[in-house]
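Report on the structure given below.
Hydrogens, waters and symmetry mates are skipped; everything else that's a heavy atom, side chains included, is used. Note on naming: letters A, B, ... go to the chains in the order of the sequence lines (proteins, then strands), and numbering restarts at 1 for each one.
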There are 2 protein chains.
Amino acid sequence: MAFTAPSETLSGSIATDLRAQIARGEWASGDRLPSEHQLAEIYGVSRATIRTALQDLESRGLTVTRRGVGTFVTGRVSGVRADLRELASLSETIRSHGRTPEAVYRSILLRQAETHELASLQLEEGDEVLATERALTADGETVAFSHDLIPARHLGPDFSTTEVTGSLFAVLEAHGVRAVSAVTDIHAVHDPDLGWGERPTDPTYLLLSQLHFDQDGVPVALAHTHFVEGRFHWSLVRHR
Amino acid sequence: MAFTAPSETLSGSIATDLRAQIARGEWASGDRLPSEHQLAEIYGVSRATIRTALQDLESRGLTVTRRGVGTFVTGRVSGVRADLRELASLSETIRSHGRTPEAVYRSILLRQAETHELASLQLEEGDEVLATERALTADGETVAFSHDLIPARHLGPDFSTTEVTGSLFAVLEAHGVRAVSAVTDIHAVHDPDLGWGERPTDPTYLLLSQLHFDQDGVPVALAHTHFVEGRFHWSLVRHR
DNA sequence: TGGTGGGGCATGTCAGACAAGCTACGACGG
DNA sequence: CCGTCGTAGCTTGTCTGACATGCCCCACCA
């Protein structure tokens, strides 16, 4: 048995393995997964660990489990769309859809944080931030324009703006910072002046304003990403 | 101990109780919850049940639990915004923000389903649907325009269009159908011709296209709701 | 023919135990 | 005096085996 993605816990890696199976279409919509007892035997773990993994699937809307019956794959999450719940590098997401991502930086600078940025990033007057403007492309097509902010204190004293390439997450992880969650506001924006270079004919964007946190709840980045409507599809499963 | 909301399972009702506590602000951001062992004693259940409840909280981004340390309240979900993960009646959501909701119907009719609607609702040629157009208001201010579709077979033979009032969920539940999940596509729309009556000056909308399912995975409604940008705020917590 | 009850299997919950990670604090050595 | 190390005692993660309870199906009986 080979797990596709590393995870901290046993149940976590089993959950990602099962999620990958579903994503690969190994279980059709409506299929019943093996019982918890069988899965425990298959993976060589206890039923408790399997239950933890299955609860992860259900919380993501990938399965529905009914007492006395079993757990069933909903399988309604289409493969060509990004799950809004899943916080992943945009580059990774594009690549997982079989397209080639690129981040084209328009500006990279270290500057003092502006007043309205202080509160959300928990900064103090005069603190410096790394401010970047990027266009994100898939196979050369511009998919989004992003304005990102990282407090300089996360980047260390010997930071140089020349090392900024590719994904926002990559920059952070190069300095030992791992963004694990983000509070996201979602807006619709129509602005002909937004963007640069090859602009879309319809200047309508889906804006995700995201405040990223590390595992200790410390804010590590503030990102405003404008997705060109029609070029990137977001979806998610909502629950009662 | 009184649980605020009924739930199928013991762990489920404990989870909603804990969620309510957090929503009421009984735990501040960063607070550590009692240990699983203590919670088990408090609620008079086993540790396994508590763990199931805590996994629900973590999957919603309300808490973070660290091995060997404890589980901590993130408490970053602001109260004035709707959680996109949570599938609730829009009317309920508006009311929970202290405003008065109203659904103003523009049209209600039974008609044959159109070709492009058949597949997603799993209908066959000639099947009838209830098609409605509504404006949703909060304290009289139009918050969204919605086009909704319900297959007639869910409404029974003695259905009359006169009974359609208020929430979409209410109409369904009046006929014993309970929508428990929805696959949602999110788009930005700019269309001066969209909407009716008191239209917003900026015709930019956040469109949620939702296919609702009952607990058995049967599609029960297709809703296209255009939220007037700036009048309703959606947010969610994303996770790695 | 039709309803009814039970058997088997599924998930939900319980109890107790051990493994393993984290924090705090005190002993120890520099 | 200060820093380092180890350990005690907490936490969550996993395991085992058991019982409670819900669901489905089918044999059985009226």
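Ring geometry for A/Phe227 against A/Trp234 counts as perpendicular: the plane angle is over 60°, on a 0 to 90° scale with 30° as the lower cut.
Residues that satisfy the side chain to side chain donor-acceptor pair (under 3.5 Å) test with B/Arg32, not counting sequence neighbours, are absent from this structure. Residues forming a side-chain contact (heavy atoms from CB on, under 4.5 Å) with A/Phe169 (at least two apart in sequence, or on another chain): A/Leu87, A/Ser89, A/Ser167, A/Ala179, A/His212, B/Arg240.
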Scan nucleotides 13-18 of chain C nucleotide by nucleotide, 5' to 3', and note B when protein non-hydrogen atoms come under 4.0 Å of the base, S if they reach only the sugar-phosphate, - if neither. BB--B-
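In this structure, A/Glu58 places its CD atom 11 Å from P of C/dT11, rounding to the nearest Å. Between B/Asp56 atom CG and C/dG12 atom C1' the separation is 15 Å, expressed in whole Å. Between the CZ atom of B/Phe72 and the P atom of D/dC10 there is a distance of 16 Å, rounded to whole Å. Spacing between atom CZ of B/Arg32 and atom C1' of C/dT23 amounts to 10 Å, rounded to whole angstrom units. Rounded to an integer number of Å, the gap from OH of A/Tyr43 to C1' of D/dC15 is 18 Å. A/His37 places its NE2 atom 12 Å from the P atom of D/dA18, with the value rounded to the nearest Å.
For the pair B/Arg51 and B/Glu36, the salt-bridge criterion is met [side-chain N within less than 4.0 Å of a carboxylate O].
Remark: A/Ile50 CD1 to A/Leu39 CG distance equals 5.0 Å, nearest 0.5 Å.
Between B/Gly68 and A/Glu36, it is A/Glu36 whose nearest contact on DNA chain C lies nearer the 5' terminus.
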